[in-house]
Participant: 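Just dropping this structure here.
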Amino acid sequence: MLFYQIRLAFKSIRRNPVLSMLMIGGIGIGIGVATVFVTAHYLFSLNPIPEKSDVLHHVQMDNWDPNRGWDDNDPEDIPDQVTYRDMVNLMKSDIPTYQGGSFKTFLYVYPDPEMGRPFKKITRMCFSGFFKMFEPPFQYGSGWDLSADENLEPVVVLGPEVNQKVFGGENSVGRMIRIEDRDFKVVGVLDHWRPFPKYYDPHNGAFETAEEVYMPFEFFRLLKVRSAGNTSNWQEFDWSDDDQYLASEAIWIQFWVQLDSAPQKEAYFSYLNSYVEEQKKLGRMQRPTHNKLLSVMEWLDDRGAVPEEATSLMAISLLFLLVCALNLIGILLGKFLARAPEVSVRRAMGASRFSIFVEHLVECETIGVLGGLLGIAISIGGLEAVNSLFDNEFSFSLDGNMLVVSILLSLLAGLVAGMYPAWRICTIPPAVYLRER
Amino acid sequence: MLSMTAVKKIYRTNSIETYALSGIDIEVREGEFVAIMGPSGCGKTTFLNVAGLLDTFDQGSYLLDGQDVSRLSDASMSRIRNEKIGFIFQSFNLIPDLDVFDNVDVPLRYRGWNAKKRKEAITESLQRVGLSGRIKHLPSQLSGGQQQRVAFARALVGEPSLILADEPTGNLDSHMAEGILDLLDEINQDGATVVMVTHDATIAKRAHRLVRLLDGQVVEADSVPHRSAFSLVESL
Ligand SMILES: Nc1ncnc2c1ncn2[C@@H]1O[C@H](COP(=O)(O)OP(=O)(O)OP(=O)(O)O)[C@@H](O)[C@H]1O
Ligand SMILES: [Mg+2]
């Protein structure tokens with residue numbers, strides 16, 4: 001029966017090709033636009049590390065100005081990074097399975113002059129726990145050991161791009177690389193890695209690429225580098241003085257722990273609370289105790305990882321689709337009512353109101369789906385435009401999700417446009433139209 | 001087969017009430033061939049529409065095959081139309097986009113038969129009206145008489161027990177009309193009850209019985225068929 005209804009729908013679409021093209025075009029544009037923004041929104045809200053998002057936790061505590069909170073508008077909000085001294089203290093705990101703070105900076109890499117000129121590269125200063133927690137894929141080798149952190153061994157993990165530039169993409173594990181004024185031994189080379197969003201450090205470009213150089217955190221002292229990301233502070237001190245800087249309340253480190261079980265998480269949370277109480281006795285953290293231990297998705301949610309623009313563009317595009325669908329109602333109604341005599345004949349031959357309704361709804365859905373196919377073509381072009389908003393190599397592309405979104409949207413649009421006209425035509429009194437000849 | 005008592009049908013438009021049927025009493029027995037005559041506007045088409053469950057009525061009672069049909073759902077009425085009733089209209093009412101085969105297919109589509117069974121029935125029905133050579137033609141590519149034959153094939157294909165024909169020959173010349181009437185006769189002899197509206201007294205003679213309507217009421221009904229089944233057998 002559905003096959004018969006679809007055949008009738010195509011007959012009807014062919015009967016008036018220009019009008020049909022206009023209808024399909026109108027709904028297609030709506031679906032194309034909506035698909036782009038619904039898919040973009042969906043991708044923004046994806047879990048970047050589904051296997052571990054429940055065990056990785058972002059650590060936050062309120063070390064801010066007792067007289068003025070972190071966010072004037074939201075008293076619930078607390079600083080989103082930690083100080084150097086808190087990181088060092090917290091890392092004395094042996095409760096987490098893995099842990100570590102990290103920050104983003106830029107360092108100069110000096111390749112062999114034969115390979116090319118020195119270049120500046122995005123770098124993450126981190127601990128061995130970084131690789132254990134976030135599990136970036138390795139092409140060669142692996143991360144470094146805990147002992148390399150403790151003994152400050154000059155080791156480095158490279159991204160694929162730097163490995164390409166400096167070593168021609170070969171397995172460079174064991175080879176030396178000059179970064180700033182020091183030589184480091186390569187222990188691992190990452191494969192292409194693109195956490196989206198960059199959940200472990202969304203403050204500094206949530207949709208940026210991952211770092212290309214990773215080295216033990218404490219090298220920041222020897223290389224005399226500071227964070228190239230956001231640093232916030234509420235006290236006066238001499239920024240040029242390292243000791244003052246590191247002892248200050250300035251926050252610039254993203255601190256994560258891996259807690260595999262509920263008891264472990266509970267234990268760590270009470271450890272965090274007692275640490276803060278201890279600090280209060282020392283005269284720090286005079287604001288009400290408010291610590292946060294958020295899992296990956298809680299953390300992204302808390303930050304609002306989906307850009308507001310993505311949400312509002314999605315809403316606008318869906319409204320646009322609704323307008324396109326509503327527009328179609330009038331056209332379909334006219335088209336269907338013009339067919340009243342034919343429908344009356346079908347009713348006389350035994351078609352129930354319901355079969356007439358379904359027949360016409362199928363026609364609307366057919367127009368919707370044809371519009372959806374056109375919409376897919378339009379959205380491929382639309383995604384190119386969205387991609388140009390992100391000025392790096394990452395790109396949205398047409399995928400299965402998007403096809404499903406398009407088809408669902410087109411069925412929905414067909415339903416919205418078709419319900420009323422189909423209902424009207426199925427309720428006409430057939431006797432009246434059989435008389436009119 | 002069909003029994004109406006005091007059936008009224010009122011059209012209300014802007015406080016004007018038109019009695020299209022003002023208390024019809026009529027009884028049509030199974031296997032009869034009844035002709036309905038009457039001046040224009042007397043309610044003949046309205047009667048057929050009510051009898052065929054295409055239109056509702058306001059008062060009175062109507063039993064079709066002994067079943068009270070005044071309170072049926074749309075689905076049950078549609079089912080009865082589909083299985084028991086075959087309509088034939090003055091203006092043929094073929095669907096212009098569908099070829100002959102698909103037009104005859106329409107009632108079967110709502111009966112849910114499989115493709116093979118439908119095809120057999122359609123072929124047989126078209127053979128019966130002598131149009132098996134025209135299945136791929138569109139209605140616009142056929143003469144009036146041929147179109148009415150397709151309409152016949154469509155009305156017959158589901159083997160209905162009641163044929164309701166509204167001036168089936170009104171748009172045809174006398175030669176073509178003759179052929180159509182022969183077909184009606186044949187269907188009737190095969191067992192279907194036929195109710196035919198006509199303006200033409202000579203055509204009405206082909207029926208067993210004549211019913212005259214005036215202003216929505218039966219004014220004259222032959223109690224004795226003017227061509228009984230008995231005389232029909234004799235004439236053979
Ligand atoms: N939709 C309607 N609204 C109002 N009045 C109507 C409507 N349909 C029919 N009528 C009236 O009902 C009466 C019966 O109409 P009907 O079509 O049954 O007559 P008829 O006997 O078939 O006439 P004809 O021989 O011309 O076909 C007429 O007076 C007509 O004006
Ligand atoms: Mg009439």
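Quick note on labels: first sequence line is chain A, next is B, and so on, each numbered from 1. All values reported here derive from a predicted model rather than from experimental measurement.
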Participant: Heavy-atom cut-off 4.5 Å, strictly under: side chain, backbone, both or neither for Tyr11(B) against chain A?
Facilitator: side chain
Participant: Is it true that, when you exclude Glu120(B) itself, more than 12 heavy atoms of the residues, nucleotides or ligands shown sit nearer than 6.0 Å to its CD?
Facilitator: yes
Participant: For the interface with chain B, which of Ser344(A), Ala348(A), Pro429(A), Ser355(A) has the highest count of heavy-atom pairs at distances below 4.5 Å?
Facilitator: Ala348(A)
Participant: Does atom CH2 of Trp113(B) have more than 12 heavy-atom neighbours from other groups under 6.0 Å away?
Facilitator: yes
Participant: Apply side chain to side chain contact (heavy atoms under 4.5 Å, CB included) to the pair Met349(A) and Arg81(B), showing each step before the final yes or no.
Facilitator: CA-CA 6 Å; Met349(A) 301 298 129; Arg81(B) 281 199 303 275; over 6 Å; no
Participant: Roughly how far, to the nearest 0.5 Å, is the CZ atom of Arg347(A) from the CZ atom of Phe87(B)?
Facilitator: 11.0 Å
Participant: Counting only heavy atoms from other residues, nucleotides and ligands, does the tally under 6.0 Å from CD of Glu124(B) exceed 12?
Facilitator: no
Participant: Does Arg128(B) have more than 12 heavy atoms from other residues, nucleotides or ligands lying within 6.0 Å of its CZ?
Facilitator: yes
Participant: Pick one of side chain, backbone, both or neither for Glu359(A), based on which atoms fall under 4.5 Å of a heavy atom in chain B.
Facilitator: side chain
Participant: Who among Asp74(B), Asn82(B), Asp55(B) has the most heavy-atom pairs with chain A under 4.5 Å?
Facilitator: Asp74(B)
Participant: Look at Val50(B), Ile80(B), Leu98(B), Leu54(B) and state which one has the largest set of heavy-atom pairs under 4.5 Å with chain A.
Facilitator: Leu54(B)
Participant: Rounded to the nearest 0.5 Å, how far does CG of Leu8(A) lie from CZ of Arg109(B)?
Facilitator: 8.0 Å
Participant: A side-chain contact here means heavy atoms from C-beta on lying under 4.5 Å apart; do Ile95(B) and Arg346(A) qualify?
Facilitator: yes
Participant: For the CZ atom on Phe101(B), are there more than 12 heavy atoms of other groups (residues, nucleotides or ligands in this structure) within a distance under 6.0 Å?
Facilitator: yes
Participant: Ser352(A) versus Tyr110(B): any side-chain heavy-atom pair under 4.5 Å?
Facilitator: no
Participant: So which heavy atom on Ser78(B) is nearest to which on Ala351(A), and how close?
Facilitator: OG-O, 3.6 Å
Participant: Looking only at heavy atoms and a cut-off of under 4.5 Å, which of Asp102(B), Leu108(B), Thr56(B), Leu48(B) has the most pairs with chain A?
Facilitator: Asp102(B)
Participant: Around atom CG of Asp25(B), are there more than 12 heavy atoms of other residues, nucleotides or ligands at under 6.0 Å?
Facilitator: yes
Participant: Considering residues, nucleotides and ligands other than Met419(A), do more than 12 of their heavy atoms fall under 6.0 Å from its CE?
Facilitator: no
Participant: Please classify the contact between Thr46(B) and chain A as side chain, backbone, both or neither, with a heavy-atom cut-off of under 4.5 Å.
Facilitator: both
Participant: So do Asp97(B) and Arg14(A) actually touch side chain to side chain, heavy atoms under 4.5 Å?
Facilitator: no
Participant: Val106(B) vs Val345(A), test: side chain to side chain contact (heavy atoms under 4.5 Å, CB included). Steps then yes/no.
Facilitator: CA-CA 9 Å; Val106(B) 168; Val345(A) 171; 5.7 Å; no
